[in-house]
Each structure stands twice: as C-alpha cells, then as structure tokens.
Amino acid sequence: NAGVIQTPRHKVTGKGQEATLWCEPISGHSAVFWYRQTIVQGLEFLTYFRNQAPIDDSGMPKERFSAQMPNQSHSTLKIQSTQPQDSAVYLCASSLVAYEQYFGPGTRLTVL
Amino acid sequence: QQQVRQSPQSLTVWEGETAILNCSYENSAFDYFPWYQQFPGEGPALLISILSVSNKKEDGRFTIFFNKREKKLSLHIADSQPGDSATYFCAASAGFASALTFGSGTKVIVLP
C-alpha cells in the first residue's frame with residue numbers, strides 16, 4: 001500500500017513568489033495534518049483537517065499561509081509571497097481519526 | 001514554552017548495547033505518546049507508541065517506560081544495531097486525532 005504522498009519533493013522559489021505543496025493521504029484516512037520542520041524550531045504543527053473540514057489551524061502563520069482539502073484524496077498548503085524564513089521541510093501526515101499519524105516524505109522548500 | 005523535552009540531544013552507543021532516550025512533558029492533558037524514527041531526507045516513521053493508561057509497551061527491541069505521576073517516559077532500544085542510527089522524536093497529543101507536540105529529538109549513533 002502506498003503511504004502518504006507529497007509532491008514536489010523539492011521546490012525552490014524566489015522571494016515573493018508563491019509555493020503550492022500537495023499531499024495525498026493514505027487511502028481511507030480521513031484526517032490530514034500539516035507540520036513544518038526546521039533545524040531551529042524543530043517539528044511544528046500547522047493545521048489539521050478531518051473529513052475535509054478544517055478543525056485546527058492554530059499553528060498556521062496568520063499571513064501568507066493557507067491550506068485546503070477540496071476532496072478526501074488530497075490537501076494543499078499554499079504560501080503566498082514566500083520569504084527566506086519560510087524555508088523548511090513541510091510534512092503531511094494522515095490518520096484514520098485515531099491516535100496514529102503516518103507521515104509522508106516531506107517537501108523541502110527553499111526560498112532564495 | 002517547550003511542552004515536550006527530550007534528552008540527551010545526542011547519544012552514541014556500541015552495537016549490542018541498550019540505548020536509553022528520555023522524554024518529559026508538562027501538559028497533564030497529554031494522553032498519547034508516540035516515538036518517531038527519522039532518517040536524513042525522510043519523513044518521521046512511527047516506531048512505537050503508548051497511551052497514558054499503560055506504564056510499559058514493548059515491540060521487539062523497542063520498549064517504552066511511562067511514569068504518569070512524574071510526567072516522564074523513556075525509549076529503550078535493546079541490542080542496538082548500526083541500522084538504528086537515526087534521530088528519534090518523542091511526541092505527545094491530547095485526545096485522538098489531535099495535533100502532535102514534538103520534542104527536539106535525540107540523534108542516536110550506533111557504532112559497529
């Protein structure tokens with residue numbers, strides 16, 4: 001069975017450009033989580049969907065970041081006007097609405 | 001405020017030894033504690049987890065010891081193998097299908 005799929009694996013953007021990251025959860029999983037990983041801040045929660053509905057976005061920066069889950073097979077994280085401090089590995093995890101969360105390989109975003 | 005703390009930051013053991021990784025938390029509402037293993041360039045992989053109603057969980061060479069009163073837990077890796085060399089993250093959540101709060105990680109090196 002395929003795990004969580006994240007595309008692209010690497011993305012390089014110029015300062016001020018937009019970046020859209022994609023996540024395909026494990027089939028049948030109805031909860032999707034987004035996290036961000038940096039050397040300085042470690043692993044941080046961003047936002048969470050259950051049955052496509054936004055449940056908790058308490059970790060999302062208030063400006064420039066948005067997430068959607070238009071259907072049960074994918075979620076997107078969009079960053080507008082990217083800044084160098086947005087450089088990180090963005091991780092998506094899915095869950096059966098249980099305790100266990102399974103992570104994808106991540107998208108490494110580099111903002112020049 | 002760091003709600004989940006890990007120690008040591010790094011740990012080197014010889015092949016065959018037991019590696020002990022420590023974790024503590026502050027939030028009494030946390031009831032689920034997974035440990036994730038992460039190799040460079042990959043997403044975190046769920047290794048083993050425990051609920052706060054238990055004080056011990058074993059899975060092969062990996063054992064979690066949990067002390068609810070002291071808000072501490074530890075991961076023991078018995079008979080360490082070079083393939084266990086990775087970064088290990090302790091995490092916690094309050095209720096199922098909730099955001100995970102991660103510790104800063106322990107980098108384990110197993111020497112042959």
Side-chain angles (χ1 to χ4, degrees), chain A residues 2-10 21 23-26 28-60 67 88-108 110, chain B residues 1-10 21 23-27 29-54 57 59 62 64 66 73 86-107:
Chain A
V4 174
I5 298 171
Q6 290 191 248
T7 55
R9 290 295 312 275
H10 303 275
L21 313 180
C23 171
E24 182 179 328
I26 294 171
H29 284 195
S30 53
V32 169
F33 300 79
W34 284 95
Y35 295 83
R36 175 168 65 178
Q37 185 172 27
T38 62
I39 298 295
V40 174
Q41 297 295 330
L43 276 151
E44 305 174 286
F45 166 74
L46 295 176
T47 188
Y48 156 42
F49 294 86
R50 186 191 303 163
N51 294 322
Q52 301 171 231
I55 301 298
D56 180 357
D57 67 353
S58 59
M60 287 278 274
V89 175
Y90 289 83
L91 293 158
C92 175
S94 73
S95 174
L96 263 173
V97 193
Y99 283 102
E100 294 84 4
Q101 295 182 27
Y102 298 93
F103 283 80
T107 294
R108 179 175 295 279
T110 303
Chain B
Q1 181 187 6
Q2 191 173 0
Q3 293 201 58
V4 178
R5 298 178 189 270
Q6 283 187 250
S7 65
Q9 197 169 8
S10 64
L21 290 65
C23 181
S24 64
Y25 63 98
E26 298 173 5
N27 188 345
F30 287 152
D31 64 351
Y32 171 66
F33 303 87
W35 286 85
Y36 284 86
Q37 179 189 58
Q38 186 175 33
F39 295 105
E42 298 182 8
L46 181 61
L47 186 64
I48 186 173
S49 62
I50 193 167
L51 291 170
S52 60
V53 293
S54 301
K57 177 79 172 288
D59 185 355
F62 301 91
I64 299 175
F66 179 74
L73 60 158
T87 299
Y88 293 80
F89 291 94
C90 173
S93 68
F96 72 84
S98 300
L100 291 168
T101 299
F102 284 86
S104 55
T106 294
K107 185 174 182 179

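These numbers come from the heavy atoms of this one structure, side chains and all, not from hydrogens, waters or symmetry mates.
- For the set A:Phe45, A:Tyr35, A:Tyr99, the count of heavy-atom pairs under 4.5 angstrom toward chain B peaks at A:Tyr99.
- With a 4.5 Å cut-off on side-chain heavy atoms, A:Phe33 and A:Ser94 do not count as touching.
- Looking at B:Ser98, the atoms closer than 4.5 Å to chain A (heavy atoms on both sides) all sit in the backbone: N, CA, C or O.
- Only the side chain of A:Gln37 has a heavy atom closer than 4.5 Å to any heavy atom of chain B.
- Side-chain atoms of B:Leu21 and B:Trp35, non-hydrogen and from C-beta on, do get closer than 4.5 Å to each other.
- Looking at B:Leu100, the atoms closer than 4.5 Å to chain A (heavy atoms on both sides) sit in the backbone and in the side chain alike.
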Does the side chain to side chain contact (heavy atoms under 4.5 Å, CB included) test come out yes or no for A:Leu21 and A:Gln6, once each step is laid out? CA-CA 8 Å; A:Leu21 313 180; A:Gln6 290 191 248; 6.0 Å; no

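- Interface residue A:Arg9: only side-chain heavy atoms are found under 4.5 Å from chain B.
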What verdict does the side chain to side chain contact (heavy atoms under 4.5 Å, CB included) test give for A:Glu100 and B:Tyr32, after you've listed the backbone C-alpha separation in whole Å, the side-chain angles of each residue and the deciding distance to 0.1 Å? CA-CA 9 Å; A:Glu100 294 84 4; B:Tyr32 171 66; 3.7 Å; yes

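- Using a 4.5 Å cut-off between heavy atoms, A:Leu43 contacts chain B through both its backbone and its side chain.
- For B:Ala94, the side chain to side chain contact (heavy atoms under 4.5 Å, CB included) partners at least two apart in sequence or on another chain are B:Ala29, B:Phe30.
- Counting heavy-atom pairs closer than 4.5 Å to chain A, the top-ranked of the candidates B:Gly105, B:Pro34, B:Gly95 is B:Gly95.
- The aromatic rings of B:Phe102 and A:Phe103 sit perpendicular to each other, their planes meeting at more than 60°, with 30° as the lower class boundary.
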